[in-house]
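Chain naming here is simple, since letters A, B, ... match the order of the sequence lines and numbering starts at 1 in each.
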2 protein chains.
Amino acid sequence: MTVTIRDIAKYAQVSVTTVSRVLNNRYDVKDATRAKVTKAIEDLGYSPNIVARGLVLQRSHVLGFIVPDITNQSFPELARGIVQRARGLGYSVMFYDTDHDRRVEKEAIKLLRSKQVDGIIVSFNESNTEELERLKQENFPIVQIYRKSSHSVVPTIALDNVSSAYAATKYLISLGHKRIGHISTGTDVQSGAERLEGYRKALEEAGILFVPELVQTGINTAESGRECMMNLLKLAKLPTSVFACHDIMAAGAYDAILSQGLRIPEDISVIGHDNIQISELLHPKLTTMDTFKYQLGEKGVDLLVEQIEGKDLPRMEIECNTDLVVRESVARIV
Amino acid sequence: MTVTIRDIAKYAQVSVTTVSRVLNNRYDVKDATRAKVTKAIEDLGYSPNIVARGLVLQRSHVLGFIVPDITNQSFPELARGIVQRARGLGYSVMFYDTDHDRRVEKEAIKLLRSKQVDGIIVSFNESNTEELERLKQENFPIVQIYRKSSHSVVPTIALDNVSSAYAATKYLISLGHKRIGHISTGTDVQSGAERLEGYRKALEEAGILFVPELVQTGINTAESGRECMMNLLKLAKLPTSVFACHDIMAAGAYDAILSQGLRIPEDISVIGHDNIQISELLHPKLTTMDTFKYQLGEKGVDLLVEQIEGKDLPRMEIECNTDLVVRESVARIV
DNA sequence: TTGTACGCGTTATCAC
DNA sequence: GTGATAACGCGTACAA
């Protein structure tokens with residue numbers, strides 16, 4: 001049925017070794033034989049069985065990628081960075097969506113290992129740390145993306161959330177804003193805590209008093225962002241601008257503001273975070289912090305492959321900067 | 001290094017056959033021996049090598065999934081449907097992003113086959129038909145999603161675009177609209193052609209004259225949607241509503257309309273198509289046609305697995321309906 | 001420069 | 001019930 005290396009060996013009247021050699025571009029094979037083999041491969045329509053090769057080489061050239069929810073808006077670009085970089089380095093990637101379920105995540109890891117992936121990238125910050133550290137102790141190549149873990153042994157690609165939120169807030173301040181609201185995911189979420197910290201740091205540095213009621217806490221959905229913004233709009237003295245810690249929440253904030261008949265940015269400025277695709281589709285276009293998700297994915301693969309191919313000691317943590325993307329949702333205070 | 005079936009056979013003092021038997025839950029093994037083996041597996045922390053198993057079983061339980069661009073907004077839900085259904089059926093999925101490059105697509109197919117996937121799902125409508133038909137002739141399990149191909153031999157999951165566009169247009173007509181613009185991707189794109197046809201059909205049926213200048217053709221981006229809408233807004237007599245053949249283009253249309261100081265839906269109603277995530281984040285929320293992408297993915301996997309496990313003759317084409325999602329962007333003409 | 005034989009980890013066949 | 005042993009398709013010592 002399937003044509004194997006042995007078939008083409010027979011057809012080309014050489015040994016399997018020779019076939020294997022031309023397949024892997026070895027030098028020590030005469031041009032004539034190489035031609036014979038190449039022709040046989042052509043004639044028989046041979047396609048190498050990479051799985052069998054992996055079995056003997058103990059390397060599958062497949063990477064595992066686990067996310068809690070593909071539907072998360074940061075996912076597509078991140079995934080693209082991962083998949084394309086992997087392809088460039090000769091790896092395929094196998095996908096798992098855990099639906100935020102830790103048991104599924106554990107199962108996915110197990111399955112991925114059974115499928116002999118060479119390493120695993122786990123993204124987003126909900127996953128089971130113990131699980132990952134156990135893997136790392138077994139010396140299994142692994143990378144986590146988006147979670148910083150100062151005393152962890154697991155190689156990590158993370159965002160410098162504090163600096164990023166600091167920059168966003170500072171941008172508002174530089175345009176004259178003093179009464180700045182913050183829509184947060186709260187201190188229970190790592191990125192939420194860090195972005196809140198950056199927000200406070202910027203205020204403090206500018207000598208602006210931190211007002212607790214200007215910080216509204218919700219979850220990372222548009223509806224929650226809308227509610228947070230509604231609360232802000234109920235304040236006796238409105239903020240002149242709002243920093244939402246995720247673009248999705250900023251979109252919800254838009255809805256709240258616009259449905260109250262207020263204008264963006266004339267009445268209230270809004271700045272988001274993440275620069276996901278929708279930020280450019282909102283009207284007015286959302287000013288936000290770009291997180292370079294594609295590059296994050298690339299770096300994740302690099303970090304993983306460093307471990308797999310184990311040249312030198314793998315780096316433990318790569319912290320990535322973000323960048324302000326000025327669009328239309330922030331105005332100067334006159 | 002890695003612990004194999006042989007190690008646990010030795011440890012449990014049985015043969016590898018017996019180990020394999022308990023691993024696969026065969027009946028013909030005494031409880032006592034089963035216990036011994038189970039304990040050995042536990043003690044040694046054994047994890048089966050599914051790849052080796054696949055080698056002898058000639059089945060990898062891995063599906064290939066090829067898309068031209070993960071970043072396409074329809075992707076996440078589709079992918080989720082695929083990945084989760086696959087998991088439910090005991091399959092993993094391997095991903096490829098071709099970046100709209102047919103050579104990469106061809107290469108991806110080759111690679112996926114080399115990696116011994118049991119079948120391939122190709123999505124979106126740009127791919128090389130010959131390539132797919134060749135695969136099908138070799139009896140290789142394959143499914144294409146989103147392209148209808150009446151005389152093709154390749155099993156297909158498609159949308160009934162004509163009916164869908166017909167329903168969208170008819171909805172506008174039912175609310176009193178007579179001058180209805182259409183933002184299209186043109187007749188060169190299959191979905192574009194079909195949706196245009198549905199639009200025309202609805203007009204015709206209602207006795208509304210088809211006005212060529214009310215149809216603006218562009219590509220599936222917000223910017224192009226904006227340009228199309230701008231052209232519509234230059235018309236001496238404005239349309240009272242617009243049907244955009246993709247939500248992304250509808251988002252661009254929003255931008256054009258709002259930046260001209262017009263209101264949605266009071267001045268112009270907008271209806272989109274696809275019901276991607278952003279449609280709910282726009283303000284006002286976009287009325288659109290839901291395409292059930294998650295289910296499309298599920299059905300794609302089902303159709304593929306039917307071929308792989310070859311129970312009966314596989315179905316050749318599954319056409320999926322869409323559904324109107326009424327939100328806030330369409331008003332009744334008074 | 002080329003060929004033989006073994007092993008990668010598993011399952012299936014056929015004995016016992 | 002259980003155990004040898006031959007595949008599955010490939011790479012690679014080692015020999016020639």
Whichever of Arg21(B) and Val56(B) has the more 5' nearest nucleotide on DNA chain D, that residue is Arg21(B)

In whole angstroms, the gap separating C1' of dG3(D) from NZ of Lys10(B) amounts to 15 Å

Please report, rounded to the nearest Å, how far the C1' atom of dC10(D) is from the CD1 atom of Ile41(A).
-> 13 Å

Among the candidates dT2(D), dT11(C), dG9(D), find the nucleotide nearest to the side-chain atoms of Thr33(B).
-> dT2(D)

Against the side chain of Ala52(B), the closest entry in dG1(D), dT10(C), dC8(C) is dT10(C)

Rounded to the nearest angstrom, tell me the gap between atom CD in Gln13(B) and atom C1' in dG1(D).
-> 17 Å

May I have the distance from Leu57(A) (atom CG) to dC10(D) (atom C1'), rounded to whole angstrom?
-> 9 Å

For Leu55(A) and dT12(D), give me the distance from atom CG to atom P, rounded to whole Å.
-> 13 Å

Does a distance-only test, which skips hydrogens and angles, find a donor-acceptor pair under 3.5 Å between the side chain of Arg6(B) and the base of dG7(C)?
-> no

Would you say a side-chain N or O of Gln58(A) is under 4.0 Å from OP1 or OP2 of dG9(C)?
-> yes

Where the side chain of Ser20(B) is defined as all heavy atoms beyond and including C-beta, which of dC10(D), dT1(C), dT11(C) is the nearest nucleotide?
-> dT11(C)

Presence of donor-acceptor pair under 3.5 Å, side chain of Thr17(A) and base of dT4(C) = yes

Answer with base, sugar-phosphate or nothing: what part of the nucleic acid does Val14(B) contact at a heavy-atom distance below 4.0 Å?
-> sugar-phosphate

Name the residue closer to the 5' end of DNA chain D, choosing between Lys30(B) and Val16(B) according to the nucleotide with the nearest heavy atom.
-> Lys30(B)

Take atom NZ in Lys10(A); do more than 12 heavy atoms of anything else shown fall under 6.0 Å from it?
-> no

Atom CG of Asp7(B) to atom P of dC8(C): distance rounded to whole Å?
-> 10 Å

Can you check whether Ser15(B) has a side-chain N or O nearer than 4.0 Å to OP1 or OP2 of dG3(D)?
-> yes

State, yes or no, whether a side-chain contact exists between Phe140(A) and Ile120(A) at a heavy-atom distance under 4.5 Å.
-> yes

Determine: side-chain N/O of Thr4(B) to OP1/OP2 of dC8(C), distance under 4.0 Å, yes or no.
-> no

Rounded to the nearest angstrom, tell me the gap between atom CD1 in Ile8(A) and atom C1' in dC10(D).
-> 12 Å

Whole Å only: how far is the CG atom of Leu23(A) from the P atom of dT12(D)?
-> 12 Å

Nearest atoms (heavy-atom pairs only) where Leu159(A) meets Glu319(A) | C-CG, 4.1 Å

All pairs passing side chain to side chain donor-acceptor pair (under 3.5 Å) where residues 112-122 of chain A contributes a residue, at least two apart = Ser60(A)-Asp118(A), Arg113(A)-Glu138(A), Ser114(A)-Ser47(B), Lys115(A)-Ser92(B)

Does a side-chain N or O from Asn49(A) land closer than 4.0 Å to OP1 or OP2 of dC8(D), or not?
-> no

Residue pair Val143(B) / Gly300(B): nearest heavy atoms and the distance that separates them = CG2-O, 3.9 Å

